[in-house]
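In this chain, residues are counted from 1 in sequence order.
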Amino acid sequence: MPDNNEMVPRESPTSGEDFEIALLQAESLLRDVDRSRARVRLTQALSLGIPLAVAVMLTLAIGAGSVGALTALILAAVCAALAALAVGWLQLFILVPAVRRIGRDERAMVEITGVLRELMGTVSEREGWSASRKHLARTRIARFPISSRGSR
């Protein structure tokens, strides 16, 4: 029996099961990043669309002559303030957290897949993976970026 100062070697530093769990986690992060990017695009579109919609509605109301000049001015100021608040809220509570989450999740995903790329040969050889299993693992890993793409 080894004394407490000796290291006991582990049977297998990384198993095929560990590899698969890590790959599934990376795939989950990739889905999360893709969903967050879609939310960012939607938020950016809304941030542009809200003021545009307000401007069009005001133009139509004023053009139709349904409101007087003073009423139109007050209505324009109120609508501009509400549009600014809506856009600010979208930016502060949806866009900024989504961009942070994308960066965090993407960095984790890149780190996980970097390790998996390095370990795949060793794990597949040690466990005697079939050619099709190796091909499938390589194909799944190839879907991931090698470095963080940022928040485009």
Side-chain angles (χ1 to χ4, degrees), residues 1-61 63 75-152:
M1 184 161 190
D3 65 12
N4 290 338
N5 294 331
E6 290 182 46
M7 273 189 61
V8 178
R10 288 177 49 187
E11 204 175 291
S12 168
T14 303
S15 67
E17 184 180 347
D18 294 336
F19 187 92
E20 180 65 23
I21 290 168
L23 186 51
L24 287 170
Q25 179 63 38
E27 288 169 334
S28 175
L29 287 168
L30 180 60
R31 282 188 301 277
D32 291 347
V33 165
D34 288 343
R35 278 193 294 267
S36 291
R37 285 187 190 284
R39 276 194 292 283
V40 164
R41 285 189 298 273
L42 177 62
T43 302
Q44 290 170 333
L46 287 172
S47 293
L48 293 173
I50 290 172
L52 182 61
V54 167
V56 167
M57 287 188 301
L58 282 173
T59 302
L60 291 173
L75 186 59
V78 169
C79 287
L82 290 174
L85 285 172
V87 169
W89 184 88
L90 284 171
Q91 297 286 323
L92 187 61
F93 293 106
I94 295 179
L95 187 64
V96 170
V99 169
R100 285 186 184 141
R101 193 170 32 259
I102 288 168
R104 180 200 65 212
D105 289 350
E106 197 170 60
R107 283 187 300 278
M109 176 181 65
V110 166
E111 186 175 325
I112 291 168
T113 55
V115 170
L116 292 176
R117 284 182 175 101
E118 291 176 16
L119 290 176
M120 193 180 101
T122 305
V123 173
S124 65
E125 184 179 316
R126 184 178 56 238
E127 294 194 357
W129 287 5
S130 67
S132 61
R133 183 170 180 192
K134 285 188 233 180
H135 179 72
L136 178 60
R138 268 195 297 277
T139 302
R140 288 170 68 192
I141 290 173
R143 294 180 21 215
F144 296 95
I146 293 178
S147 64
S148 294
R149 296 178 283 195
S151 60
R152 7 173 205 165

Salt bridge between Glu106 and Arg37, side-chain N to carboxylate O under 4.0 Å?
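Salt bridge: yes.
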Any salt bridge between Asp32 and Arg35, counting N to O under 4.0 Å?
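A salt bridge links Asp32 with Arg35.
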Rounded to the nearest 0.5 Å, what's the gap from [atom1] on [X] to [atom2] on [Y]? Could you check?
X: Leu29; Y: Glu111; atom1: CG; atom2: CD; value: 11.0 Å
X: Ile112; Y: Ile141; atom1: CD1; atom2: CD1; value: 11.5 Å
X: Met109; Y: Gln25; atom1: CE; atom2: CD; value: 11.5 Å
X: Trp129; Y: His135; atom1: CH2; atom2: NE2; value: 13.5 Å
X: Leu23; Y: Leu30; atom1: CG; atom2: CG; value: 10.5 Å
X: Thr43; Y: Phe93; atom1: OG1; atom2: CZ; value: 13.5 Å

Side chains of Ser47 and Gln91: any donor to acceptor distance under 3.5 Å?
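Yes.
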Show, in sequence, the C-alpha distance, side-chain angles and deciding distance for Glu27 and Phe144, and conclude whether the side-chain contact (heavy atoms from CB on, under 4.5 Å) test is met.
CA-CA 8 Å; Glu27 288 169 334; Phe144 296 95; 3.6 Å; yes
Is [X] reaching over with its side chain to a backbone N or O of [Y], donor-acceptor style, under 3.5 angstrom?
X: Arg107; Y: Gly103; result: yes
X: Arg101; Y: Ser36; result: no
X: Thr113; Y: Leu116; result: no

Looking at every non-hydrogen atom in both residues, tell me the closest pair between [X] and [Y] and how far apart they are.
X: Pro51; Y: Ala83; answer: CA-CB, 4.4 Å
X: Pro145; Y: Arg117; answer: O-NH1, 3.9 Å
X: Arg133; Y: Gly16; answer: NH2-O, 3.9 Å

Taking the side chain as every heavy atom from C-beta outward, state whether Leu95 and Val40 have any atom pair closer than 4.5 Å.
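Side-chain contact under 4.5 Å: yes.
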Would you please test Arg140 and Glu20 for salt bridge (Lys or Arg N to Asp or Glu O under 4.0 Å) and show each step?
CA-CA 11 Å; Arg140 288 170 68 192; Glu20 180 65 23; 3.1 Å; yes
Please check if atom CZ in Arg100 has more than 12 non-hydrogen atoms from other residues, nucleotides or ligands closer than 6.0 Å.
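It does not: Arg100 CZ has 12 such atoms or fewer within range.
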So if I apply the side-chain contact (heavy atoms from CB on, under 4.5 Å) rule between Leu90 and each of Leu85, Ile50, Leu42, which one comes out positive?
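Only match with Leu90 under side-chain contact (heavy atoms from CB on, under 4.5 Å): Ile50.
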